[in-house]
Trainee: 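Pasting a structure here, questions to come.
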Amino acid sequence: MTEVTMKLIIENLHKEQKLECDGRHNALYVSSGRLSVAGKSIAAGEGIYVGEYTDNPVNLQEESNIVRFVVDQDPKAGRPTADGQIVLESRFELAPGDQFLRLDQIDFPPGACAYRHVHPGAGIRFLTQGVLDIESDHGVEQMSIGSAWFEDTNAPVRATASQSQATAFVRAMVLPIEYLGKRTITYLDPSDDDKPRMQTNSRFFDQPVEF
């Protein structure tokens with residue numbers, strides 16, 4: 001089994017500052033501002049995969065707030081910039097076989113619910129909008145803007161959004177290669193498959209990775 005660490009780092013960066021992505025695999029989500037990666041411009045609300053810094057320089061086109069997920073076997077990888085901070089880090093094992101890193105966004109209209117379900121890979125979520133109640137085997141925790149949480153492989157959860165406002169989170173997961181380009185949610189109660197699914201998914205990338 002391969003053991004990796006995933007870190008969630010919030011980077012507050014000034015115009016024309018460079019972001020050194022020191023981890024082996026980085027998923028960047030732009031909360032505000034704009035950056036460029038190897039000449040490609042990435043605006044607020046968009047995400048991109050970045051390998052090691054030496055191969056993919058990240059330049060800021062304006063003052064920006066970046067959500068950075070770092071995945072590496074080395075637990076010391078993923079150093080924030082001077083104005084950045086590590087919000088959450090988790091270490092977990094990968095099953096044998098090929099893997100890929102996915103970055104996506106889940107949007108909930110008011111009152112929407114993701115019924116009790118699992119995913120086949122581990123990862124970290126970061127709430128960017130609204131309020132979300134996460135019910136797991138450890139109890140119920142209410143997430144607000146800026147909250148981050150880890151979900152392990154096949155860990156049952158139920159997510160219920162605020163009744164009064166739209167809710168959204170960005171998510172990075174390391175998944176088995178057979179799910180490349182496919183949805184990963186599995187509802188634990190078969191009857192929930194026939195219920196309306198109000199939440200929507202916006203996928204930024206599926207990137208095969210090696211460790």
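Predicted, not measured: the structure shown is a model, and the values here were computed from it.
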Trainee: Are any of the side-chain heavy atoms of Val67 and Leu8 separated by less than 4.5 Å?
Mentor: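 Yes; the side chains approach each other to less than 4.5 Å.
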
Trainee: Please assess Asp74 against Thr5 for the test side-chain contact (heavy atoms from CB on, under 4.5 Å), listing each intermediate value before the final yes or no.
Mentor: CA-CA 7 Å; Asp74 182 359; Thr5 296; over 6 Å; no

Trainee: Which residues satisfy the ring pair (Phe, Tyr, Trp, His ring centres under 6.0 Å) test with Phe126, sequence neighbours excluded?
Mentor: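 Phe126: no ring pair (Phe, Tyr, Trp, His ring centres under 6.0 Å) contacts found.
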
Trainee: Between Asn65, Asp83, Thr81, which is the residue that forms a side-chain hydrogen bond (donor to acceptor under 3.5 Å, both in side chains) with Asn12?
Mentor: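 That would be Asn65; it is the only one of Asn65, Asp83, Thr81 passing the side-chain hydrogen bond (donor to acceptor under 3.5 Å, both in side chains) with Asn12.
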
Trainee: Just how far is it from atom OG of Ser144 to atom CG of Leu127, taken to the nearest 0.5 Å?
Mentor: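 With rounding to 0.5 Å, OG (Ser144) is 7.0 Å from CG (Leu127).
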
Trainee: Which distance, rounded to the nearest 0.5 Å, do you find between the CD of Glu46 and the OG of Ser202?
Mentor: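 If we round to the nearest 0.5 Å, Glu46:CD and Ser202:OG are 11.0 Å apart.
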
Trainee: Taking all non-hydrogen atoms of both residues into account, name the closest pair between Ile86 and Gly78 and its distance.
Mentor: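 Ile86 and Gly78 have their closest heavy atoms at CD1-O, 3.9 Å.
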
Trainee: Between Ser41 and Arg34, is any side-chain donor less than 3.5 angstrom from a side-chain acceptor?
Mentor: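 Note: Ser41 and Arg34 side chains meet the donor-acceptor criterion.
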
Trainee: Can you confirm whether Leu13 sits close enough to Leu19 that some side-chain heavy atom of one is under 4.5 Å from a side-chain heavy atom of the other?
Mentor: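 The answer is yes, as the side chains (C-beta and beyond) meet within the 4.5 Å cut-off.
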
Trainee: Using a strict cut-off of less than 4.0 Å between a Lys/Arg side-chain nitrogen and an Asp/Glu carboxylate oxygen, indicate whether Glu11 and Arg68 qualify as a salt bridge.
Mentor: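 Looking at Glu11 and Arg68, the cut-off is met.
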
Trainee: Sequence neighbours excluded, which residues qualify as side chain to side chain donor-acceptor pair (under 3.5 Å) partners of Asp133?
Mentor: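 In terms of side chain to side chain donor-acceptor pair (under 3.5 Å), with neighbours along the sequence ignored, Asp133 is linked to Gln142.
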
Trainee: Using a 3.5 Å distance criterion without hydrogens, assess whether the side chain of Arg197 forms a donor-acceptor pair with backbone atoms of Lys195.
Mentor: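 Here the side-chain-to-backbone pair does not exist.
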
Trainee: How far apart are the closest heavy atoms of Ala27 and Leu101, and which atoms are they?
Mentor: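 Reported closest heavy-atom pair: CB-CD2, 4.3 Å.
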
Trainee: Under a plain distance cut-off of 3.5 Å, with no hydrogens placed, do Thr186 and His117 share a side-chain donor-acceptor pair?
Mentor: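 Judged by distance alone, the side chains do not pair up.
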
Trainee: Does Ser64 use its side chain to pair, donor to acceptor, with the backbone of Ile66 at less than 3.5 Å?
Mentor: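 No.
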
Trainee: By salt bridge (Lys or Arg N to Asp or Glu O under 4.0 Å), which residues pair with Glu135, not counting sequence neighbours?
Mentor: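 In terms of salt bridge (Lys or Arg N to Asp or Glu O under 4.0 Å), with neighbours along the sequence ignored, Glu135 is linked to no residue.
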
Trainee: One pair to check against side-chain contact (heavy atoms from CB on, under 4.5 Å): Leu60 and Glu63. What are the steps and the verdict?
Mentor: CA-CA 7 Å; Leu60 278 295; Glu63 185 174 336; over 6 Å; no

Trainee: Let me confirm one number: the CD1-CZ distance from Ile48 to Phe204, rounded to the nearest 0.5 Å.
Mentor: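 Those atoms lie 11.5 Å apart.
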
Trainee: Checking one residue: Ile177. Which other hydrophobic residues are in its cluster under the side-chain 4.5 Å linking rule?
Mentor: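 Its cluster mates, by chain and number, are Phe100, Met173, Leu175, Tyr179, Leu180.
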
Trainee: Taking 4.0 angstrom as the limit, do Asp189 and Arg158 come out as a salt bridge?
Mentor: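 Looking at Asp189 and Arg158, the cut-off is not met.
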
Trainee: Is the backbone N or O of Val71 less than 3.5 Å from a side-chain atom of Lys7, with the two atoms forming a donor-acceptor pair by type?
Mentor: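 Not a single qualifying donor-acceptor pair exists.
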
Trainee: Can you name the closest pair of heavy atoms from Val70 and Gly23 and give their distance?
Mentor: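 Looking at all heavy atoms of both residues, the shortest contact is CG1-CA, 3.5 Å.
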
Trainee: So, Phe211 versus His25, ring centres under 6.0 angstrom or not?
Mentor: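 Yes - the distance between ring centres of Phe211 and His25 falls below the 6.0 Å cut-off.
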
Trainee: Report all side-chain donor-acceptor pairs from residues 107-116 shorter than 3.5 Å, counting only partners two or more places apart or in another chain.
Mentor:
{"residue": "Asp107", "atom": "OD1", "partner": "Gln105", "partner atom": "NE2", "Å": "3.2"}
{"residue": "Asp107", "atom": "OD2", "partner": "Gln105", "partner atom": "NE2", "Å": "3.1"}
{"residue": "Arg116", "atom": "NH2", "partner": "Asp137", "partner atom": "OD1", "Å": "3.3"}

Trainee: How close do Ala43 and Val30 get, heavy atom to heavy atom, and via which atoms?
Mentor: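 Of all heavy-atom pairs spanning Ala43 and Val30, the closest is O-CB, 3.5 Å.
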
Trainee: Given 3.5 Å as the limit, does a donor-acceptor pair link the side chain of Gln165 with the main chain of Ala161, or not?
Mentor: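 Flag not set: sc Gln165 to bb Ala161 has no pair under 3.5 Å.
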
Trainee: Just verifying a value: how many Å separate Asp22 CG and Asp72 CG, rounded to the nearest 0.5 Å?
Mentor: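 Here the rounded value is 8.0 Å.
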
Trainee: Without swapping roles, check the side chain of Thr167 against the backbone of Val131 for a donor-acceptor pair under 3.5 Å.
Mentor: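 Answer holds: yes.
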
Trainee: Gln73 versus Thr2: any side-chain heavy-atom pair under 4.5 Å?
Mentor: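 The answer is yes, as the side chains (C-beta and beyond) meet within the 4.5 Å cut-off.
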
Trainee: Within the structure provided, determine whether Leu132 and Thr160 are in side-chain contact (heavy-atom separation under 4.5 Å).
Mentor: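 Result no, sub-4.5 Å side-chain heavy-atom pair not found.
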
Trainee: Measuring only between side-chain heavy atoms, which start at C-beta, is Leu188 closer than 4.5 Å to Val118?
Mentor: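 The answer is yes, as the side chains (C-beta and beyond) meet within the 4.5 Å cut-off.
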
Trainee: Taking the side chain as everything from C-beta on, heavy atoms only, tell me whether Ser36 gets closer than 4.5 Å to Gln61.
Mentor: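 Result yes, sub-4.5 Å side-chain heavy-atom pair found.
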
Trainee: Under the ring pair (Phe, Tyr, Trp, His ring centres under 6.0 Å) rule, collect the residues that match up with Phe92, sequence neighbours excluded.
Mentor: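 For Phe92, the residues satisfying ring pair (Phe, Tyr, Trp, His ring centres under 6.0 Å) (neighbours in sequence not counted) are Phe150.
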
Trainee: Of Lys15, Glu20, His14, which meets side-chain contact (heavy atoms from CB on, under 4.5 Å) against Gln17?
Mentor: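 Testing each of Lys15, Glu20, His14 against Gln17, the sole residue satisfying side-chain contact (heavy atoms from CB on, under 4.5 Å) is His14.
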
Trainee: Are Arg91 and Pro75 packed together at the side-chain level, in the sense that at least one heavy-atom pair is separated by less than 4.5 angstrom?
Mentor: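 Result yes, sub-4.5 Å side-chain heavy-atom pair found.
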
Trainee: Are any of the side-chain nitrogens in Arg102 or Asp206 under 4.0 Å away from the carboxylate oxygens of its partner?
Mentor: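 Between Asp206 and Arg102 there is a salt bridge, with a charged N closer than 4.0 Å to a carboxylate O.
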
Trainee: Just verifying a value: how many Å separate Phe169 CZ and Ile124 CD1, rounded to the nearest 0.5 Å?
Mentor: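 Result: 13.0 Å between the selected atoms.
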
Trainee: Between Glu151 and Trp149, is there a side-chain heavy-atom distance shorter than 4.5 Å?
Mentor: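 In short, these two side chains touch, coming nearer than 4.5 Å.
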
